[in-house]
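Remember, it's a predicted structure, so these values are computed and weren't measured experimentally.
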Amino acid sequence: MDFTLDPHSTPHGFPPIDFRAQLNDEQFAAVTAEPGPLLVLVGAGSGKTRTLTYRVAYLLSQGVRPGEILLLTFTNKAAKEMLHRVHELTGVESGRFWGGTFHSIGHRSLRMHGETIGLPRSFTILDADESEGVLRDAVDETDRGFFKDKTHPKPGPLHAIISMSRNTQLPLSETIQRFFPQHEAVSERVPLFARKYAEKKRAANVLDYDDLLEHWLDLLRKSPATAEYFTHRFRHVLVDEYQDTNTIQSQIVDLIGAHHRVMAVGDDAQCIYTWRGANVENILTFPDRHPETQIHRIETNYRSTPQILALANGVLLAQPKGRAFEKVLRPHRANSEKPFYVQTMDGREQAQFIVQRVRGLVDEGCALRDIAILYRAHFHALDLQLELARLQIPYQITSGVRFFEQAHIRDLVALLRFVYNPGDTAAWNRIAVLLPKVGDKNAQKIHAAALDHARLMQQDLVNALGTDDVSSKVPKDAKEEWPAFVASLQQVRDMMRTMKPHNAVEIAIDGWYGDYLKGAYANYVSRLDDLKSMIGFASRYEDMQELLAQIMLLNGETSDRSADPDADALRLTTVHQAKGLEFAAVFLIGLADGSFPLRRAIEAGDVEEERRLFYVAVTRARDELYLCFPKVNTKGGPAMLQSPSRFLQELSSDLYQPLKMKRSFGW
C-alpha cells in the first residue's frame, strides 16, 4: 500500500490535518514515511510522543482502519495519553485501537487464542505477592530447608532471578552470575525450583506477569495460523521506547511485524534499564532483522539551551564507534550560560553549595519544584538530605523513600539502638521479627525471658540472649540462626564499648544482618552500598548516644513530607527515575569515578550504560546545569581522595565553565 499525502482526504470523517504545518521537517518525514520498516531515533526533548501520535493520525487519514494499528508501549499511561491525543486530533475513539503495554496486549491475545497452545480461557493472573507465594510452596515441596538459610534468596529475590532469566532468555546460571552474583552458591538448585514453580502454575491454571509474554511468544511460534492472523490484522505496528524492549518483546514485535510495517521509536542513547532485562542490541540490530529499514533521526531539541545540548553531544561523541547510532542534538532555543562545573571538598560542602545556589535560583524567580538534584545511587544524597532537613527546606524524593526511612537503614539503626539500650523494646521487636517464624508476640516473649534472666543473674541482657533459658523460647525455625544472631549483637556491643561508633556500624553490617540482607532483597548490592555509607556518616560522631540521637531527630524532621506532586518542593531523584522528566535547573551530584560510573560497573568493564545514564541526566535540564564533583569521599569510613568522573574527563573543557567557590559560597 503506497501513501500519497492528501490533506483533503479524511476517510474517517475528521477534519483535514495540516501535517506540514503541525510538524517540523524531521517529524514530518517520519510521520508521513511510506509503509515499511522504520526506525525513528528521537533525541531527548525532540517530540517523541508527538511523532507517534501524528503517525497514528496520519495512518487514519490515509484510510487505515483503527483496528489495523497496534500500538505497544511500556506503561498504560503512555498508551492512554497517545490515544487520547489521537482522539483530540481525529475524533476516533481510543477503544477502536489495540493500544497498551506489551503485557496487556499479551493478555488480550491469550484470552482470544490461548487454547491453541493448551491454555484454557479461564486462566487467572497472579499478582506479585501471590506469585511469590506459589514459588515459596514449590521450593518448600522440593527442598524444605532451602529458605532456612538466611543467605539464600527469599521468595521475592528468587522470583526476581527466575523472572530475569525468562525475560532475557539467558540460562539461570548465567543470569545469577551476571545480575545476582551473591547467589552463585545456589545456582545449581534454582532450575529445579523454576520447573516446579511452572508446574504448580499449570496445575492451578494461573499465570504470572512473565507468562503473559512467554505464552504470547509461544502462541506466535507454535501456531502459524495465529501468527498469520495477527500479522494480517495489524498492518501497522508502532512501538514506543523501543530501546527498552527485552529479548521476548523484541521477538514478539518481529513475529507480528513479519510484514515489516513496523515503526520502532526510541533512542539507543537512553537505554538505561538492562538491570530490568532491556537489551540495547534490539534497537542496534533492528535494521538487520528488518531489511531496507529507513532510519529517521529527529534531533531538534525544544527543551534545553544550546550550551547544555553541546555538552550532551559531547557525551554522545565519547561512545565507542560502531556501538551506537550517530546523532547530534540541535537546539531550537537561544544561547545561554554554559553548564557549571563545581568542585567541592566533600559531600557536605557539596550540599552546602547546592542549598545556597537553590536559594539564589528561588530569589531569581525559579520555583523549588522546577529544581532537581539527580544522583546515581540513593546514598549519594545523604549529606544533602541532612542539610535540607537542618534548614527546613521542603523537598520530595521521587525515587523512593528518604534515606533514613528505608527498611534496611531502619533495621540497622534498630539493631544499634537495641544493643546500646537493651530496654528499647521497639528496636528489639524490629530486628527480632527478621528471624524465621518470629512474630511480635514471640519477640516480646524472648525479650521478657532475657530480661528476667539478666535481672536474676545480674547479667548483661545481650549476654542473657545466648543462655539456654532464653534460647528455649525461640521458635524451632529460628533456632539454627539464633547463635549467629546473638553473637553478632554481642560483637556490636563489644565494639561500642571499646571503639568508635563507625566501628560498631561496620561490625553490625559485616555480621548477621549483612547475611540476612543478602537473602532478603534482589537489589542486595545497592542496599549494601547504602549501609556502608552509614559508616562514613557515623565517623562524624564520637559516641553512640550522639549518633543515635541525631538519626532519630533527623527521622522526625524528615518524616513529614508532602506527597502532593504539585507541592513547591525541591525534587531529589535517581537518574533512572528522572528519565522522561525535565527541570529548569538540574544539579548532578557525586560526579566521581566509582560513584558515577559506579565502581562495580568499572570493575565489570561495562560502563556504557553508565554513560547513557549520564546523557539522560544532563538532558533533563532546560536552563541551568550544575556538574558537582566532591574531591573527598567519606562514605565508607576513612576519607579518600577521588578523581572526577571519567565522563567529565572525556568532555572538552570548553563545554562547561568552572564555578570558583569561596568559603562563603560566593561566585
Which residues share a ring pair (Phe, Tyr, Trp, His ring centres under 6.0 Å) with Y615, sequence neighbours left out: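 Counting only residues at least two positions away or on another chain, Y615 forms no ring pair (Phe, Tyr, Trp, His ring centres under 6.0 Å).
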Between [X] and [Y], does at least one N-O distance fall below 4.0 Å, as a salt bridge requires?
X	Y	value
R297	E326	no
R121	E115	yes
K201	E130	no
D370	R622	yes
E68	R65	yes
D25	R20	yes
D267	R612	no
R195	E199	no

Ring center gap for H159 and Y197 short of 6.0 angstrom: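 Yes.
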Geometric cation-pi criterion R571 and F583, 6.0 Å radius, 45° cone: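 No, R571 and F583 do not form such a contact.
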Quiz item: cation-pi between R276 and F179, 6.0 Å / 45°: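 Output no; distance or angle outside limits.
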Heavy-atom pair with the smallest gap, counting every atom of Q319 and A324: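 That would be OE1-CB, 3.5 Å.
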Nearest heavy-atom neighbours spanning A601 and V607: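 Scanning both residues completely, I find the closest heavy atoms to be O-CG1, 4.1 Å.
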